[in-house]
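For reference, positions follow the sequence shown, starting with 1.
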Amino acid sequence: MPRSPPTPSFALRGALLTSIGDPFRDGLEGTRRYEGDGLLVVAGGVIVDAGPYVAVRRRLPPGTPVERLPRSTLLVPGFVDCHVHYAQLPVVASHGTQLLDWLDRYTFPAERAAAEPRHARRLASAFFDATLAAGTTTVASFCTVHPGSVDAFFGEARRRDVRAIGGKVLMDRHAPRGLADTAQRGYDESKALIARWHGRGRLGYAITPRFAPTSSPAQLAAAGALWREHPDCWVQSHLSESRQEVDRVRKLFPRARDYVDVYARAGLLGRRAIYGHGLHLSEREFAVLHASGTALAHCPTSNLFLGSGLFAWPRAKMPARPVRVGLGTDVGGGTSLSLLATLGEAYKVAQLGGTSLAPAQLFHLATRGGAQALDLDAHVGSLLPGMEADFVELDCEATPLLAQRVRHAEGIDDVLFALAVLGDERAVAATWVAGRCVHRRAAARQA
Ligand code: GUN
Ligand code: ZN
């Protein structure tokens, strides 16, 4: 598929904010950079300069057009959604069940519909429209068991030049008819999809066993073997989301020490492996995740909606063995594709566990922290020279309530916190991908 030519040089002048370190590991001071009057310079789809306007202006190549952003705008890196299911869009907000029943009653029927390629393409298109409108520029999404659902996902991502990780779901047992593969077929189809999509432009393949209850030990071992053959691919799955699920795993894998050990035995832990949830983990399991560099995707709206449990921040980030954590919307178990809305729920979940996440930590989770969890922080997640030019114009006065709150804000952290608690898609004025504006909010209707 032809790709558009590189974007020309241009610069945006306005307030810039970026995370530059890890506020969980290194403390809050010095891990983010804020410029009230900043200049961001883009050329060929990449950030080539960024910093205070007065300094960067002097280095600006003559003739570079400079656009001045509105006073209420804050320019931030594009958001990173580390865990989502694009084909579950039609079942978001489905009433009355918890995880295992929710899968049977709503999710599997919705995923079965993605066998039809035209339906899968429509879903992928609607998904990227919605994620970009929410300011999300990097996604790691599950597809369905059908290889065509992966083609639909990557085809749509490629058309928009979005950074996207995705993969065919592997399920060879306890799956309804029409959604099951076999260990061999799952391996073969995944391998063919890796050859077709992995490393093409901004796309990356994730080997995707759904979760331990729907894969035999043979299928998990085949997934591990495939990862060893393609170590620069990702692995994504679910881990310890509901107590019922954990009990089921204990019965299905009696020889494993615990849930994490099921994946460890299959060779499915390590950098570039990211697991959704991790709510009911033991100390041993956290230690193994830390030692192996495996990441968790915290999905607060999903955990609350499905009644799965509360993510234990102090345990996940214990200084002696911190685990890498990104944020996931987990739609359709999650209830919003907005990372801003997800931040608000992450804050509340942490509060219920006695932790008050700092604004800088929240902002980090939605941007650079997510990129770190996906091992993509050399490419996206911050507004620094050399990074791909994925960024968002946030409107800090998007709604009357937000405007009112921000008017009384005391500094940038206070503004950030208001955005996290009160913000959602409405606060995204524009989204830029690889130096191109791919979404601009419609003008507000006059009263
Ligand atoms: N565990 C296994 N599959 C799923 C899924 O599709 N969504 C969520 N939230 N948990 C899962
Ligand atoms: Zn999920």
Side-chain angles (χ1 to χ4, degrees), residues 17-34 74 76-77 79-83 134-136 274-281 286 289-290 295-305 308-330 334-336 338-374 377 381-382 392 394 396 402 405-406 409-424 427:
L17 181 71
T18 185
S19 177
I20 55 172
D22 180 352
F24 289 92
R25 189 191 57 199
D26 307 326
L28 301 179
E29 291 311 313
T31 52
R32 64 171 172 71
R33 194 172 289 163
Y34 173 65
L74 180 63
V76 301
F79 298 130
V80 179
D81 187 343
C82 294
H83 181 108
T136 301
I274 182 154
Y275 286 84
H277 311 294
L279 304 184
H280 310 287
L281 298 172
F286 274 119
L289 293 179
H290 164 79
L296 291 175
H298 172 38
C299 307
T301 73
S302 171
N303 299 160
L304 295 171
F305 180 73
S308 302
L310 300 175
F311 187 72
W313 280 101
R315 298 187 64 218
K317 288 295 183 186
M318 200 176 274
R321 48 132 194 80
V323 173
R324 295 180 314 133
V325 180
L327 276 189
T329 61
D330 197 28
T335 51
S336 170
S338 162
L339 263 296
L340 287 176
T342 305
L343 285 181
E345 300 311 287
Y347 178 79
K348 294 172 202 167
V349 164
Q351 282 282 69
L352 284 166
T355 297
S356 167
L357 292 174
Q361 291 174 322
L362 291 168
F363 173 66
H364 173 80
L365 282 171
T367 56
R368 187 171 168 82
Q372 287 170 337
L374 291 174
D377 49 309
S382 36
V392 181
L394 290 180
C396 302
L402 187 58
R405 173 66 179 77
V406 164
E410 293 170 4
I412 185 63
D413 277 343
D414 209 16
V415 172
L416 269 185
F417 188 59
L419 279 166
V421 177
L422 302 175
D424 53 28

Looking only at heavy atoms, what is the nearest atom pair of Pro314 and Thr355, with distance? CG-OG1, 3.3 Å
Side-chain heavy-atom pair Val415, Leu17 within 4.5 angstrom cut-off: no
Run through Thr329, Thr342, Thr136 and flag the one making a side chain to side chain donor-acceptor pair (under 3.5 Å) with Asp81. Thr329
Counting C-beta onward and ignoring hydrogens, is there a side-chain heavy-atom pair between Leu310 and Leu304 closer than 4.5 Å? yes
Verdict with reasoning, Leu327 to Leu339, per side-chain contact (heavy atoms from CB on, under 4.5 Å): CA-CA 8 Å; Leu327 276 189; Leu339 263 296; 3.8 Å; yes
Student check: side-chain heavy atoms of Leu357 and His364 closer than 4.5 Å: no
Side chains of Phe286 and Leu296, heavy atoms from C-beta outward: is any pair under 4.5 Å? yes
Between Arg368 and Asp22, is there a salt bridge with N-O shorter than 4.0 Å? no
Minimal heavy-atom distance between Thr335 and Thr301, with the atoms involved, is N-OG1, 3.0 Å
Ser308 backbone acceptor or donor facing His280 side chain under 3.5 Å: yes
Parallel, tilted or perpendicular, judged at 30° and 60°: which one describes the rings of His298 and Phe311? parallel
Provide the closest heavy-atom pair for Leu419 versus Cys396 in the form atom of the first, atom of the second, distance. CD1-SG, 4.1 Å
Approximate separation, where rounding is to 0.5 Å, of Glu345 CD and Gln351 CD: 12.0 Å
Just by distance, do the side chain of Ser336 and the backbone of Ser338 share a donor-acceptor pair under 3.5 Å? yes
Which distance, rounded to the nearest 0.5 Å, do you find between the CG of Leu281 and the OH of Tyr275? 12.0 Å
Audit row: Ile274, His83, side-chain contact (heavy atoms from CB on, under 4.5 Å) steps and yes/no: CA-CA 8 Å; Ile274 182 154; His83 181 108; over 6 Å; no
Please answer whether the main-chain N or O of Val323 pairs with a side-chain N or O of His290 as donor and acceptor at a distance below 3.5 Å. no
Take the angle between the ring planes of Phe24 and Trp313 and call it parallel below 30°, perpendicular above 60°, tilted in between. parallel
Can you tell me if Arg321 uses its side chain to pair, donor with acceptor, with the backbone of Arg315 under 3.5 Å? yes
Flag the pair Thr367 / Thr18 as yes when at least one side-chain heavy-atom distance between them is below 4.5 Å, and no otherwise. no
Heavy-atom nearest pair, Ser19 first then Ser382, reads O-CB, 3.4 Å
Is there a side-chain contact between Val349 and Asn303, using heavy atoms and a 4.5 Å cut-off? no
Close side-chain approach of Leu28 to Gln361, heavy-atom, < 4.5 Å: yes
Could you tell me which non-hydrogen atom of Ala373 sits nearest to which non-hydrogen atom of Gly326, and how far apart they are? CB-N, 3.7 Å
Distance col, row Tyr347:OH vs Leu343:CG, nearest 0.5 angstrom, shows 12.5 Å
Kindly indicate, with the supporting measurements, whether the criterion side-chain contact (heavy atoms from CB on, under 4.5 Å) is fulfilled by Asp330 and His277. CA-CA 9 Å; Asp330 197 28; His277 311 294; 3.2 Å; yes
Are the side chains of Phe363 and Pro77 in touch, meaning some heavy atoms are under 4.5 Å apart? yes
If you look at every heavy atom in Ala418 and Leu402, which pair is closest and at what distance? O-CD1, 3.7 Å
Report the C-alpha distance between Ile412 and Arg32 in whole Å, list the side-chain angles of each, state the deciding distance to 0.1 Å, and finish with yes or no for side-chain contact (heavy atoms from CB on, under 4.5 Å). CA-CA 11 Å; Ile412 185 63; Arg32 64 171 172 71; 3.7 Å; yes
